[in-house]
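Just below is one structure, and these are the notes that go with it.
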Amino acid sequence: MIKPVRSGADLHMHSFYSDGSLPPRKVMEACAAQGLEIASLTDHDTVEGLREAEEAAGDLGIEFVPGCEISVDWHGQDLHLLGYFLDAQAAALTGYLRAMEGMRRERVGKVVERLRGLGVEVTMESVLSHAKAAASVGRPHVAQALVANGFVSSYHEAFARYLGDRAPAFVPKETASLPEVLAVVRGAGGCAVLAHPGIYDLTEVVPEMERLGLAGLEVHHPSHSPEQIRSLLDLAEQKDWVATGGSDFHGIDGNDTPVGSHRVSREVVEELKRRTPR
Ligand code: AMP
Ligand code: FE
Ligand code: FE
Ligand code: ZN
């Protein structure tokens with residue numbers, strides 16, 4: 001039998017260690033089924049799934065890039081930074097993520113209080129039961145609890161009525177600033193990429209990123225239109241940032257973008273590696 005050739009890298013995926021629905025091994029199996037050559041796992045604010053993902057990738061003949069999607073406080077806005085080639089054991093990173101875990105839990109407690117104040121009698125236990133690993137609990141788990149308990153009829157209704165950025169039960173996360181998070185990523189031997197830049201107002205973000213030093217820009221992402229991809233490619237070239245990409249797979253429902261739907265070449269990963277300090 002002729003073995004199909006593997007090609008491309010998906011550098012943005014989530015497992016149930018944050019808000020995805022699958023264990024890391026299942027995510028890597030999906031990568032193998034989609035014929036990916038290289039894959040990264042980039043859970044929100046946790047590296048707990050990396051070891052399992054790396055082992056599974058090894059078993060499946062996939063090259064693995066350790067990653068993490070870290071929330072940053074950008075003047076009150078939630079900005080996502082992707083760290084790659086991180087040493088998951090580095091004290092700078094583990095200490096920071098442990099603090100994030102506590103912050104996320106407290107914040108979700110406040111969201112639950114708000115909901116109860118609005119007459120929605122959801123419990124913290126119910127919310128935590130939807131966070132399979134509980135390392136990175138957040139609004140997606142609250143939304144799942146609201147659906148499971150019949151308070152709303154869909155995940156999206158949960159955000160529209162209660163949890164969205166302008167909805168009544170919204171509580172902001174307390175995260176670190178861009179320079180602080182970049183220091184954490186570098187302290188763990190990693191490089192930083194700005195996640196899904198198409199959703200941000202880049203007028204002030206870009207000069208700050210130039211000043212602080214960024215390795216790459218996530219050009220290929222399901223939220224970007226073809227026009228945005230073209231202008232982001234231009235921006236990456238102009239600033240000498242590596243144009244990365246990935247599916248942002250969560251696996252939550254049938255509407256999710258599949259693994260490997262947005263991929264980049266091996267050269268992109270190699271260039272990113274060259275720009276990683278360690
Ligand atoms: P958190 O980190 O707890 O603030 O949750 C952020 C996550 O919630 C995002 O990564 C999305 O997966 C999800 N999310 C945020 N806003 C919405 C929305 N309006 N509709 C559906 N999902 C959303
Ligand atoms: Fe997410
Ligand atoms: Fe994100
Ligand atoms: Zn993501």
Side-chain angles (χ1 to χ4, degrees), residues 10-22 24 27 40-46 48-49 67-74 76-84 97 100-112 114-115 122 124 127-128 130-147 152-176 181 192-200 205 216-224 244-257 259 262:
D10 186 333
L11 298 177
H12 192 158
M13 290 177 270
H14 298 268
S15 76
F16 72 17
Y17 281 95
S18 63
D19 56 348
S21 61
L22 301 177
V27 177
S40 183
L41 186 72
T42 55
D43 275 314
H44 296 283
D45 297 327
T46 180
E48 269 195 44
C68 185
E69 184 173 15
I70 306 181
S71 292
V72 176
D73 175 9
W74 173 255
Q77 200 197 338
D78 186 22
L79 192 92
H80 291 176
L81 207 65
L82 291 157
Y84 291 113
L97 295 180
M100 284 296 98
E101 188 178 330
M103 177 281 292
R104 279 181 166 275
R105 205 171 267 257
E106 264 182 46
R107 176 229 191 187
V108 161
K110 289 181 197 162
V111 172
V112 167
R114 288 257 184 116
L115 286 166
V122 70
M124 190 67 178
V127 171
L128 292 178
H130 292 275
K132 296 189 186 58
S136 181
V137 61
R139 286 183 289 167
H141 310 110
V142 183
Q144 286 165 37
L146 292 180
V147 174
V152 291
S153 57
S154 73
Y155 183 84
H156 288 280
E157 190 191 338
F159 278 90
R161 278 180 68 183
Y162 299 114
L163 307 171
D165 293 10
R166 284 170 199 80
F170 176 72
V171 177
K173 280 182 289 204
E174 285 165 36
T175 54
V181 172
V193 170
L194 180 62
H196 38 68
I199 69 170
Y200 307 124
V205 176
L217 200 63
E218 190 183 46
V219 170
H220 305 281
H221 184 272
S223 69
H224 296 157
T244 75
S247 61
D248 210 349
F249 174 73
H250 284 75
I252 285 165
D253 56 43
N255 303 325
D256 206 56
T257 45
V259 160
H262 294 70

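Whatever order the structure lists ligands and atoms in, that order sets their numbers, starting from 1.
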* To do: Measure the shortest side-chain to side-chain distance between P197 and H224 over non-hydrogen atoms and say whether it is less than 4.5 angstrom.
  =>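 Yes, their side chains come closer than 4.5 Å.
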* **R107 N/O under 3.5 Å from ligand 1 N/O** =>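 R107 vs ligand 1: N/O contact under 3.5 Å present.
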* Asked: What is the ring orientation for H80 with H44, classed by angle as parallel under 30°, tilted 30 to 60°, or perpendicular over 60°?
  ->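 Perpendicular, since the angle between the ring planes exceeds 60°.
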* Name the orientation class of the two ring planes belonging to H221 and H196 (parallel below 30°, tilted from 30 to 60°, perpendicular beyond 60°). =>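 Answer is perpendicular, since the angle exceeds 60°.
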* Closest by any non-hydrogen atom to atom 2 (O) of ligand 1: pick that one out of R139, H44, H196, K173. =>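 Considering heavy atoms of R139, H44, H196, K173, the nearest to atom 2 (O) of ligand 1 sits in K173.
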* Using a heavy-atom cut-off of under 4.0 Å, does the side chain or the backbone of D19 touch ligand 1, or both, or neither? ->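 Side chain only.
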How far does [atom1] of [X] sit from [atom2] of [Y], to the nearest 0.5 angstrom?
{"X": "Y84", "Y": "T244", "atom1": "OH", "atom2": "OG1", "value": "5.0 Å"}
{"X": "Y155", "Y": "L163", "atom1": "OH", "atom2": "CG", "value": "9.0 Å"}
{"X": "Q144", "Y": "H141", "atom1": "CD", "atom2": "NE2", "value": "6.0 Å"}
{"X": "S71", "Y": "Q77", "atom1": "OG", "atom2": "CD", "value": "11.5 Å"}

* So, is H44 placed with an N/O/S atom under 2.8 Å from the Fe ion (ligand 2), counting both backbone and side chain? ->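 Looking at H44, which is the residue asked about, there is an N, O or S atom under 2.8 Å from the Fe ion (ligand 2).
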* Asked: Has D248 got an N, O or S atom lying less than 2.8 Å from the Fe ion (ligand 2)?
  ->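 Given the 2.8 Å cut-off, D248 does not count as a ligand of the Fe ion (ligand 2).
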* Asked: Would G164 count as a contact of ligand 1 if the rule is a heavy atom under 4.0 Å away?
  ->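 No heavy atom of G164 comes that close to ligand 1.
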* Asked: Just which atoms of ligand 1 are under 4.0 Å from any heavy atom in G138?
  ->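 Those atoms are 3 (O).
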* Of all the atoms in ligand 1, which lie at a distance below 4.0 Å from a heavy atom belonging to R104? ->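 The list of qualifying atoms is 2 (O), 3 (O).
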* For the Fe ion (ligand 3), find the closest N/O/S atom belonging to E69 and write down its atom name. =>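 Minimum-distance N/O/S atom of E69 relative to the Fe ion (ligand 3) is OE2.
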* Minimum-distance atom from the Fe ion (ligand 3) among N, O or S atoms of H80 ->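 For H80, the N/O/S atom sitting closest to the Fe ion (ligand 3) is ND1.
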* To do: Answer yes or no: are there more than 12 heavy-atom neighbours, outside E174 itself, under 6.0 Å from its atom CD?
  =>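 12 or below, so no.
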* Can you tell me if H196 has an N, O or S atom under 2.8 Å away from the Fe ion (ligand 3)? ->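 A backbone or side-chain N, O or S atom of H196 is under 2.8 Å from the Fe ion (ligand 3).
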* N, O or S atom within D19 nearest to the Fe ion (ligand 2), by name ->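 Of all N, O or S atoms in D19, the Fe ion (ligand 2) lies closest to OD2.
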